[in-house]
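Accompanying notes for the structure given below.
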Amino acid sequence: MPLVAALLVPGSPLPYLRPDNPPWKPIAEAYRAAATALQAARPDVLLVYSTQWIAVLDQLWQSRARVTGLHVDENWYEFGNLPFDLAIDTEVTASCIESTASIGVRSKGVDYDGFPIDTGTIVANGSLNADGRARLVIAANNVYHDWTRTSQLAAIAATTAERYGRRYAVVGVGGLSGTIFRTEIDLAQDRIAGDENDALNRGLLARLQQADVAGLAEFCADYAKRTRADMGMKHLAWILGGLGDRYRGADVLGYGPTYGAGAAIVQFRL
Amino acid sequence: MSNGKIVAGFLAPHPPHLVYGENPPQNEARSQGGWEQLRWAYERARASLERLKPDVLLVHSPHWMTQLGHHFLGVPTLKGKSVDPIFPNLFRYNFALDVDVELAEACCSEARSRGLVSKMMRNPDFRVDYGTITTLHMIRPQWDIPVVGISANNSPYYLSTKEGLEEMAVLGDATRAAIERTGRRAVLLASNTLCHWHFHEEPEIPEDMSREHPQSYAGYQWDMRIIELFRKGRTKEVFSLLPQFIDEAFAEVKSGALTWMFAAMGYPEIPGQLHGYGTVIGTGNAVMEWDLSAPAAPVAAAA
């Protein structure tokens, strides 16, 4: 089976850069558990979609064979730098770029030294694939693409990876509820901002565990409005599209706050 | 030191296409020109800036969007390569800029004293956003005037336009107080496009001007209405219309730079000088100047 894993992970740099802060420990520890599971699944390639790589023209895909550099998050720069070293599966990426015309989407490759890789992609790769064993296919989040279009793009990426004989994992990088604290807080006291957000996040995670695929898109539309969910949860649409809308259940490896916003690591059972 | 003042404010939009069209040595991408009317507008603005002889340029950029408060560049020298994440084919710019840290700290302090969450950015590896760099390059390509870079807090989007712009006005007030307290002769730069409706695909030759025009006629009409009011010095009327303009033209001024600048200048009812207008991938861009150092011109004369 070429599809070997699927993960929903957060892109906030806070648990990554400060894993010992008590409220962020559940996410940091869950990332470690997810990395172990992913290593056991032995993927050749990770199909990554991060809500933080924003595109507005065309569908962009990272097409540079090796992307290295040092990133500083524009919000959380005081917590440290984010070095990265990404290996791209250029063959699968090139084929994805050609294939999206079939759904009426024009795609472009991004192959530039110094391109600003987003925080979410760096955090996910650094946590799950620190040794660079798996190569990446990275798709941008075009803000004008909706749930369905995002799901279609993931399906194309999965089909393409399969056609090239890759063992692949689907990784959606983004948060849950997007309500943050607007004032400075004691980081050791971080929590989900608002009981309703917490309840809705837990409701979403329960649905994911139940594999209620049919109801998820509808649920997420309402959930996104009520919780300012990260990019309408399009990173979840990416995962479901990559799974072909089929999975057996899910395990929530961790759930917690990132400056009031919700974050979770979910491993899908295939 | 005291008795600083704001000598002028510029509406100084930041499409990276303008840098690309100019082919400066700092930018890796090469073009055959394009967007000349806007680039020539900036040439006129550069001449004005030369005459104004400011100590410092302050720029408020929507492409350094922060979630927790208003941030200020706080490292004396920043350098690196800024690649536009949206238009990496056009903008890969090697920058080096000097920051007026003392003034930035004063701005931050004044903002805090007015109840705004404010932070100094002290990480020397920070990559300055392309909006800040484009505006600064276009207004002063020599890079010989220190700058204060200010983030755009996301409050107009996260809260409401009204609440967000009220915050920006407080930030403007704080900025003016800091400039006066530190004795600087300052020029403010509002790095904003007007109508922000844009095309969704790029021409094969980006600088093919046969493909360039307003994306939206209604948006263009809004831009002309706002510019004409500014030209007549009817500032209050512009700001009373601003929420409607933002909603109907998807105007980038929602991010707050224009409000910040005008609040800092005290919303002067003086004619703005239009250096030029043009579209970039369909968006409306005006380069305009409000010279506070000039003797007050009678508003009626510009009408």
Side-chain angles (χ1 to χ4, degrees), chain A residues 12 14 17 50 52-60 62-64 67 69-83 104-119 121 140-145 175 178-185 187 228 258-261, chain B residues 28-29 61 63-69 71 73-75 78 80-95 112 115-130 151-155 157-159 163 167 196 198-204 206 281-283:
Chain A
S12 168
L14 296 175
L17 292 169
S50 166
Q52 293 181 54
W53 182 13
I54 300 290
V56 297
L57 296 181
D58 306 311
Q59 172 61 36
L60 303 182
Q62 185 56 242
S63 59
R64 194 172 183 81
V67 191
L70 183 74
H71 175 65
V72 178
D73 188 77
E74 64 185 10
N75 281 285
W76 305 111
Y77 43 77
E78 71 266 43
F79 293 114
N81 297 346
L82 296 163
V105 172
R106 191 169 80 165
S107 282
K108 277 186 181 175
V110 170
D111 179 3
Y112 300 104
D113 172 54
F115 184 84
I117 301 293
D118 70 279
T119 296
T121 297
N141 163 22
N142 184 309
V143 293
Y144 297 105
H145 289 169
T179 306
I180 62 160
F181 294 113
R182 305 281 296 171
T183 55
E184 286 161 302
I185 62 168
L187 298 180
R228 302 174 188 268
T258 50
Y259 218 87
Chain B
E28 286 179 3
S61 168
H63 292 286
W64 180 16
M65 186 167 277
T66 48
Q67 299 170 348
L68 178 64
H71 300 211
L73 296 180
V75 177
L78 288 161
K81 179 153 79 170
S82 177
V83 178
D84 180 349
I86 308 295
F87 297 102
N89 52 326
L90 309 183
F91 189 85
R92 305 187 297 279
Y93 189 99
N94 292 289
F95 69 92
R112 272 186 179 266
L116 297 181
V117 176
S118 307
K119 292 171 73 175
M120 292 298 296
M121 197 299 297
R122 306 282 194 191
N123 188 323
D125 297 314
F126 189 78
R127 189 191 64 240
V128 180
D129 71 283
Y130 77 90
S151 78
N153 177 261
N154 68 352
S155 50
Y157 304 92
Y158 188 90
L159 302 174
E163 289 172 283
E167 267 199 31
H196 208 234
H198 59 81
F199 300 118
H200 290 267
E201 289 189 354
E202 191 176 41
E204 195 164 328
I281 59 160
T283 65

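All values derive from a computational prediction rather than experimental measurement. Reminder, nothing fancy here: chain letters follow the sequence lines and each chain counts from 1.
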Taking B/Tyr158 for its side chain and A/Ile180 for its backbone only, find out whether a donor-acceptor pair lies under 3.5 Å.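 At least one qualifying donor-acceptor pair exists.
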If I measure from the heavy atoms of chain B, does [X] come under 4.5 Å with its side chain, its backbone, both, or neither?
X	result
A/Tyr259	side chain
A/Asp73	backbone
A/Leu60	side chain
A/Tyr144	side chain

May I ask you to name which of A/Val110, A/Asp113, A/Ile54 has the most heavy-atom pairs under 4.5 Å with chain B?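 Winner by heavy-atom pair count: A/Asp113.
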If you compare all heavy atoms of [X] against all heavy atoms of [Y], which two are closest, and at what distance to 0.1 Å?
X	Y	result
A/Leu57	B/Phe87	CD1-CE2, 3.0 Å
B/Ile86	A/Val56	CG2-CG2, 3.4 Å
A/Asn75	B/Thr66	OD1-CA, 3.1 Å

So which part of [X] gets closer than 4.5 Å to some heavy atom of chain A, the side chain, the backbone, both or neither?
X	answer
B/Asn94	neither
B/Ser155	both
B/Arg122	backbone

Can you find a pair of side-chain heavy atoms, one from [X] and one from [Y], that are under 4.5 Å apart?
X	Y	result
B/Leu68	A/Trp76	yes
A/Glu74	B/Asp129	no
B/His200	A/Asn142	no
B/Glu201	A/Asp58	yes
B/Val117	A/Glu184	yes

Ion pair present between A/Arg182 and B/Glu163, side-chain N to carboxylate O less than 4.0 angstrom? no
Is NZ or CZ of B/Lys81 both nearer than 6.0 Å to the six-membered ring centre of A/Tyr112 and within 45° of the ring axis?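 Judged by the rule (NZ or CZ under 6.0 Å from the ring centre, within 45° of its axis), B/Lys81 is not positioned above A/Tyr112.
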What's the separation between atom OH in A/Tyr77 and atom CE in B/Met120, rounded to the nearest 0.5 Å?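 With rounding to 0.5 Å, OH (A/Tyr77) is 8.5 Å from CE (B/Met120).
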First locate atom CG of A/Asn81, then atom CG of B/Asp125, and finally report the distance between them rounded to the nearest 0.5 Å. 4.5 Å
Name the option with the most non-hydrogen atom pairs under 4.5 Å to chain A; the candidates are B/His71, B/His198, B/Met121, B/Arg92.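 Heavy-atom pairs under 4.5 Å are most numerous for B/Met121.
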